[in-house]
**Q** 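Input: one structure, supplied below.
Here is how names work: the chains are called A, B, and so on, in the same order as the sequence lines, proteins then strands, and each is numbered from 1.
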Number of protein chains: 2
Amino acid sequence: MDRVDDVLARVREAGGRVTSTKRAVVTVVSSNADAHLTAEQIAEQVLRNLPDSHISTVYRILHELEDLGIVRHVHLGHGPSTYHLAADHHHHAVCESCGVVVELPSDLYDDVAARISADHGFELDVPHFALAGRCRSCATA
Amino acid sequence: MDRVDDVLARVREAGGRVTSTKRAVVTVVSSNADAHLTAEQIAEQVLRNLPDSHISTVYRILHELEDLGIVRHVHLGHGPSTYHLAADHHHHAVCESCGVVVELPSDLYDDVAARISADHGFELDVPHFALAGRCRSCATA
DNA sequence: ATAATTGCAAAGTCTTTGCAGTTTG
DNA sequence: CAAACTGCAAAGACTTTGCAATTAT
């Protein structure tokens with residue numbers, strides 16, 4: 001029923017095993033659907049309940065979930081990657097001044113993608129990197 | 001007259017000093033206008049003539065030139081940054097399969113930028129990260 | 001002179017990996 | 001039981017930094 005259980009079922013289907021850390025990672029990512037959590041932030045939350053887990057395990061689980069198409073990672077800037085559910089389509093713009101993340105509609109690149117496809121035969125992926133600029137308050141300040 | 005000399009003049013204007021490594025870095029970047037050189041590749045070329053230079057110096061010079069608006073760095077993917085003259089406007093798409101870099105017109109994002117500005121008051125910078133996808137040959141293969 | 005710059009080695013950040021022991025199915 | 005998974009410590013990739021010595025102006 002739960003999104004978490006659905007995900008864990010998919011993990012098992014793929015031959016993976018369900019461990020407590022894996023369950024915790026899935027739970028954290030699922031309950032922060034709109035957040036842009038880094039591996040470190042995810043690990044921090046996981047370790048609150050499972051103090052013997054390790055961030056390297058979190059990285060491995062995140063990769064597994066990404067291979068299964070459940071999770072995606074996005075680069076908001078020069079720092080660490082951030083992770084979110086793949087089902088959650090949206091694009092991002094990050095203010096270089098204050099760091100705020102603006103969520104953008106998922107059709108944002110449709111015209112650009114069509115143009116690149118027509119002109120170059122290049123088929124664009126869902127962008128993997130955020131746009132950068134200045135948010136309203138910082139732009140006028 | 002030379003673009004290299006123009007750049008070095010600007011460096012001096014800004015209070016910087018012209019050293020042999022700096023001249024070499026500027027020369028390498030200027031003579032590879034369309035390439036997407038990493039710091040390591042730039043250092044490699046510099047070291048051919050100045051074997052006692054060091055890549056950390058190249059990084060420092062690249063930063064200085066970037067602060068002066070002469071050079072920009074772009075991330076083509078998950079690897080190292082690539083550097084090119086700022087005067088050389090263009091955007092990039094990288095094939096995730098074969099790695100080829102497609103250069104895209106500099107007005108590519110104009111509509112997207114206008115839309116984000118109108119809807120969110122967010123003023124987009126020149127993108128700093130390449131788009132990713134599949135080039136014509138890899139998309140059809 | 002004197003402030004900028006350098007080479008070097010060390011540290012920093014984020015992520016991956018080898019391995020020996022543990023756990024899941 | 002066998003394969004998957006784990007914690008840990010170490011390594012890896014890329015970049016930055018502290019410092020004492022050197023160099024440009």
**Q** To the nearest angstrom, how far is B:H63 atom NE2 from D:dT17 atom C1'?
**A** 11 Å
**Q** List the atom of A:G69, the atom of A:A86, and the distance in Å for their closest heavy-atom pair.
**A** O-CB, 3.3 Å
**Q** Using a cut-off of 4.0 Å on non-hydrogen atoms, how would the nucleic acid contact of B:S56 be classed: base, sugar-phosphate, or nothing?
**A** base
**Q** Side-chain heavy atoms nearer than 4.5 Å, only ILVMFWY residues, links allowed to pass through others: does that put A:I55 and A:V28 together?
**A** yes
**Q** Mind calculating the distance between CD (A:E66) and C1' (C:dT15) to the nearest angstrom?
**A** 13 Å
**Q** Tell me the interatomic distance from A:E40, atom CD, to C:dT15, atom P, rounded to whole angstroms.
**A** 9 Å
**Q** Flag yes if more than 12 heavy atoms outside B:H89 fall under 6.0 Å of its NE2 atom; otherwise flag no.
**A** no
**Q** On DNA chain D, nearest-nucleotide positions of A:G15 versus A:P51: which is more 5'?
**A** A:G15
**Q** With heavy atoms under 4.0 Å as the rule, sort A:S53 into base, sugar-phosphate or nothing.
**A** sugar-phosphate
**Q** Whole angstrom is fine here: how far is it from CG in A:D52 over to C1' in C:dT23?
**A** 14 Å
**Q** Within the supplied structure, the quantity of interest is the number of heavy atoms (other residues, nucleotides, ligands) at a distance under 6.0 Å from B:E40 CD; does it exceed 12?
**A** no
**Q** Out of D:dT15, D:dT16, D:dT6, which nucleotide sits closest to the side chain of A:I61?
**A** D:dT6
**Q** Please pick, from C:dC19, D:dT15, D:dT17, the nucleotide with the shortest atom-to-atom distance to any side-chain atom of A:R60.
**A** C:dC19
**Q** Here's a test of your reading of the structure: between A:T19 and B:H54, which maps to the more 5' nucleotide of DNA chain D?
**A** A:T19
**Q** Find the distance B:L50:CG to C:dC8:P and express it as a whole number of Å.
**A** 13 Å
**Q** Does any donor atom in the side chain of B:S53 or B:T21 lie under 3.5 Å from an acceptor atom in the other side chain?
**A** yes
**Q** If you compare every side-chain N and O of B:T21 against the phosphate oxygens of C:dT5 (OP1, OP2), does one of them come in below 4.0 Å?
**A** no
**Q** Expressed in angstrom and rounded to an integer, what is the separation of B:I42 atom CD1 from D:dC14 atom P?
**A** 14 Å
**Q** Whole angstrom is fine here: how far is it from CG in A:D67 over to P in D:dA4?
**A** 14 Å
**Q** Output the rounded distance in Å from CD (A:E44) to P (C:dC14).
**A** 14 Å
**Q** D:dT16 phosphate, OP1 or OP2: any side-chain N/O from B:Y59 under 4.0 angstrom?
**A** no
**Q** Just call it for B:I55: base, sugar-phosphate, or nothing, with non-hydrogen atoms closer than 4.0 Å on any strand.
**A** nothing
